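Have a look at the structure below before the remarks.
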Protein chains: 2
Amino acid sequence: MKPINFVVVGFGGMGSYHARGLIGENQFVTTYGTYDSDEKRQAAAKEEGFKVYESFEAVLADDNVEAILVATPNDSHKQLVIDALRAGKHVVCEKPVMMSVADFDEVVNVAEEAGKVFMTHQNRRWDSDFLIIRDLYKSEEIGSLFQIESRVHGANGIPGDWRHLKAQGGGMLLDWGVHLLDQLLFMVDSPIKSVSADLSFVLGDDADDGFMSYIIFENGVRAHIEVGTSNFIKLPRWYVKGYQGTGVINDWDLSGELVLQRETDVKHEPTPIQAGQGLTKTMAPPSEEMTECRELPSVTAEFDSFYDNFYQVVREGAEAVVKNPEVRDCLVLIETIFKAAETGETIKMN
Amino acid sequence: MKPINFVVVGFGGMGSYHARGLIGENQFVTTYGTYDSDEKRQAAAKEEGFKVYESFEAVLADDNVEAILVATPNDSHKQLVIDALRAGKHVVCEKPVMMSVADFDEVVNVAEEAGKVFMTHQNRRWDSDFLIIRDLYKSEEIGSLFQIESRVHGANGIPGDWRHLKAQGGGMLLDWGVHLLDQLLFMVDSPIKSVSADLSFVLGDDADDGFMSYIIFENGVRAHIEVGTSNFIKLPRWYVKGYQGTGVINDWDLSGELVLQRETDVKHEPTPIQAGQGLTKTMAPPSEEMTECRELPSVTAEFDSFYDNFYQVVREGAEAVVKNPEVRDCLVLIETIFKAAETGETIKMN
């Protein structure tokens with residue numbers, strides 16, 4: 001087994017995380033070197049002991065380099081990826097992979113012409129919280145899921161510099177949104193029927209600092225996907241409803257539970273409660289005999305980890321876990337959300 | 001002070017609650033008698049010691065009766081209210097007051113012709129949870145509110161009989177929806193810009209068993225209003241975002257809190273956290289120096305209680321707390337939500 005030699009291009013937060021950990025600690029891939037256009041980041045990489053290339057051209061000219069990891073600001077992905085593919089390198093690119101569907105199609109064509117592998121690092125397909133929800137979707141443990149609410153709430157605004165700027169591909173729809181939407185599409189096996197959406201601009205940037213979207217699938221599933229950066233109290237990371245129960249995952253700590261309707265011969269009516277100025281039976285807690293609490297299932301991915309899979313794809317022609325047509329579908333959805341928010345219309349798909 | 005003699009028409013759950021408590025215990029109004037078209041409910045009222053009328057006509061013919069409380073199935077409100085007004089009685093009607101804006105306009109005209117008071121019992125304007133949120137909206141304690149999420153979640157389906165049937169005015173949009181939407185309109189002092197909505201039919205009734213709606217106001221406020229009857233785990237009753245903080249009320253027990261951004265000279269950056277497969281600074285908890293927790297404010301209504309106000313309106317020509325044009329606006333919104341859900345379109349108002 002010969003590990004694949006990677007050069008990490010862009011040694012910022014994500015690039016250095018790949019260089020040290022994701023690539024650095026994986027047996028199938030190696031951080032052969034790094035490159036960043038910023039001198040300070042070059043110095044930082046040197047200090048950490050990485051082999052630092054003096055230019056992007058020097059990276060491409062080195063025959064020992066088999067693959068490039070692109071982790072630069074979003075608007076620079078396209079040219080770097082095309083240049084690397086044409087220089088005969090395989091490419092892994094950080095998300096959001098491209099800023100438009102048109103750009104993505106162009107890059108995929110270049111990869112096909114070059115006969116090189118081009119994969120997007122949609123790493124959150126391996127997040128445990130997501131895998132639990134995907135398992136519930138498949139197992140129907142709380143019945144067929146018909147409502148999926150996926151939220152990520154922060155209170156720090158948008159950190160960093162270029163992530164504030166729309167021209168550089170900033171904004172939360174492209175940042176966290178692309179993760180949540182990719183997870184959704186990787187789970188729900190149905191075409192989308194309609195999309196409505198609303199972007200927020202609380203911070204006063206020209207890029208969105210959060211969004212709400214409501215997606216109805218042809219198979220009846222409803223999804224509420226939301227990112228916020230001015231939420232000083234968090235709503236649960238996941239909230240899902242099935243025909244026999246409800247599931248919640250509070251946070252990445254995986255706390256949460258399932259509450260199911262119990263199969264009973266006798267129907268125990270709930271006791272009405274005083275709710276504000278009125279009595280309500282409808283909104284009273286169900287009687288204890290009628291429900292059952294369960295722990296969340298314990299789940300691991302049934303598919304290889306990202307770089308293990310990348311190795312198999314490159315060396316053995318295996319199928320990619322993150323497939324380009326899937327990544328394209330997600331970009332189409334993102335463009336639809338932008339359009340729905342800008343026009344204030346519900347967009348019907350197909 | 002001469003209390004107003006009421007006859008409660010419809011001695012079901014709500015009617016008997018009025019007869020015993022809301023009217024029965026208020027010094028300004030009296031439960032003079034009751035009437036129900038169902039013999040069993042007539043017997044129940046007799047057993048509780050109420051004077052029971054043998055027919056609706058007998059109620060209207062009695063000159064001692066000054067006012068009628070209508071708490072019958074929704075599709076029967078219109079004729080009962082019109083007959084009572086024409087017989088010279090004042091009328092309080094349970095919500096949803098009418099099944100259409102057209103019906104409401106007709107009834108208001110009859111009330112004006114008759115010179116009688118006609119008020120809708122939108123009692124949840126006095127709910128403490130709502131009054132707290134309305135106070136936050138006015139006081140701007142967490143900054144100007146720009147996002148208001150109001151949810152009522154139950155897990156008992158729709159109880160009772162006629163509430164399942166669309167023809168009788170069943171369904172959750174007309175039942176709980178009318179409360180949540182009335183509260184919203186009583187709080188946000190702005191015209192509505194657009195409405196999108198989705199009804200749920202989980203139970204297989206022809207009436208909706210819940211709904212989601214997303215309402216954008218001209219002043220920029222966004223509202224997510226939701227009712228669910230198959231939610232085995234509840235999301236908070238209220239979740240609101242202001243420019244300086246977030247507020248949550250969990251339930252009618254009024255548990256909850258405010259979390260505010262603290263004014264500081266030095267900006268304390270959050271520490272990135274491991275979140276699933278990635279690191280995130282954006283979604284890390286803010287550093288403790290940057291936020292401040294506060295208890296929810298303690299609030300009472302600055303306006304009279306419903307029946308105190310009704311008395312003032314009838315005897316002294318005071319202004320109604322629940323004004324007919326407001327009730328009409330709420331019915332317009334409900335019709336818009338039905339239309340948005342049926343067409344799958346975002347409806348632009350004005």
Side-chain angles (χ1 to χ4, degrees), chain A residues 13 17 123-124 126-130 146 152-156 158-159 175-176 193-194 196 198 202 212 214 216 222 224 228-233 235-236 239 241 243 245-248 252 257 259-261 269-270 273-286 291 344-346 348, chain B residues 13 17 123-124 126-130 146 152-156 158-159 175-176 193-194 196 198 202 212 214 216 222 224 228-233 235-236 239 241 243 245-248 252 257 259-261 269-270 273-286 291 344-346 348:
Chain A
Y17 184 57
N123 56 321
R124 294 198 177 281
W126 286 265
D127 280 9
S128 296
D129 56 285
F130 164 64
F146 60 90
V152 171
H153 282 171
N156 303 310
I158 302 178
D175 185 348
W176 269 93
K193 190 172 165 193
S194 70
S196 50
D198 192 24
V202 180
M212 298 266 196
Y214 193 76
I216 301 181
R222 268 68 176 158
H224 171 102
T229 54
S230 54
N231 300 63
F232 291 83
I233 299 169
L235 287 177
Y239 180 86
K241 288 171 66 174
Y243 282 94
T246 304
V248 70
W252 290 291
E257 64 174 339
V259 180
L260 289 89
Q261 191 156 29
E269 289 287 325
I273 56 164
Q274 183 78 31
Q277 293 299 306
L279 286 177
T280 181
K281 192 170 172 183
T282 316
M283 300 306 165
T291 58
E345 305 279 2
T346 301
K348 312 244 170 131
Chain B
Y17 183 58
N123 56 323
R124 294 198 177 279
W126 285 265
D127 280 8
S128 297
D129 55 284
F130 165 64
F146 60 89
V152 171
H153 282 171
N156 303 310
I158 300 178
D175 186 347
W176 270 93
K193 190 173 164 192
S194 71
S196 51
D198 192 24
V202 180
M212 299 265 196
Y214 192 77
I216 301 180
R222 270 66 177 159
H224 171 103
T229 54
S230 54
N231 299 63
F232 291 85
I233 300 170
L235 287 178
Y239 180 86
K241 289 171 66 175
Y243 282 94
T246 304
V248 69
W252 290 291
E257 63 174 339
V259 180
L260 289 88
Q261 192 157 28
E269 289 286 327
I273 56 165
Q274 182 78 32
Q277 293 299 305
L279 287 177
T280 180
K281 192 171 171 181
T282 317
M283 301 305 164
T291 58
E345 306 278 0
T346 301
K348 312 245 171 132

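Predicted model, so just to flag it, every value in this text is computed and none were measured. In the text below, chain A, chain B and the rest are named by the order of the sequence lines, each starting its count at 1.
- Every side chain to side chain contact (heavy atoms under 4.5 Å, CB included) that A/Lys348 has, sequence neighbours left out, goes to B/Glu345.
- In terms of heavy-atom pairs under 4.5 angstrom with chain A, the leader among B/Val248, B/Ile158, B/Val202 is B/Val202.
- Between chain A and the options B/Pro159, B/Gly344, B/Ala284, B/Ala275, heavy-atom pairs under 4.5 Å are most frequent for B/Ala275.
- By number of non-hydrogen pairs under 4.5 angstrom with chain B, the leading residue of A/Arg124, A/Met283, A/Glu257 is A/Met283.
- Put simply, the side chain of A/Thr246 gets close to the backbone of B/Phe232: a donor and an acceptor are under 3.5 Å apart.
- Not one N or O on the side chain of A/Thr280 forms a donor-acceptor pair closer than 3.5 Å with the backbone of A/Ile273.
- For the options A/Arg222, A/Gln274, A/Lys281, heavy-atom pairs under 4.5 Å to chain B are most numerous at A/Arg222.
- There is no contact between B/Phe130 and chain A, counting heavy-atom distances below 4.5 Å.
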Could you walk me through whether A/Gln261 and A/Thr291 pass the side-chain contact (heavy atoms from CB on, under 4.5 Å) check?
CA-CA 5 Å; A/Gln261 191 156 29; A/Thr291 58; 5.9 Å; no
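- Counting heavy-atom pairs under 4.5 Å between each of B/Ile233, B/Val259, B/Thr346 and chain A puts B/Ile233 at the top.
- Looking at B/Glu269, neither its backbone nor its side chain comes within 4.5 Å of chain A, counting heavy atoms on both sides.
- Rounding to the nearest 0.5 Å places CG of A/Asp198 at 3.5 Å from OH of B/Tyr214.
- Proximity to chain A is limited to the side chain of B/Lys241, based on heavy atoms less than 4.5 angstrom apart.
- The CH2 atom of A/Trp176 lies 7.5 Å from the OG1 atom of B/Thr282; values are rounded to the nearest 0.5 Å.
- Contact count versus chain A (heavy atoms, under 4.5 Å) is highest, among B/Asn123, B/Asp129, B/Asn231, B/Thr229, for B/Asn231.
- Among B/Ser128, B/Pro236, B/Gly247, B/Pro270, the residue making the largest number of heavy-atom pairs under 4.5 Å with chain A is B/Pro270.
- At a 4.5 Å heavy-atom cutoff, the contact between B/Ser230 and chain A is made by backbone and side-chain atoms alike.
- Taking the six-membered ring for Trp and thresholds of 30 and 60 degrees, A/Tyr243 and A/Phe146 have ring planes inclined between 30 and 60 degrees apart.
- Most heavy-atom pairs under 4.5 Å with chain B: of the set A/Gly154, A/Ser194, A/Gly278, this distinction falls to A/Gly278.
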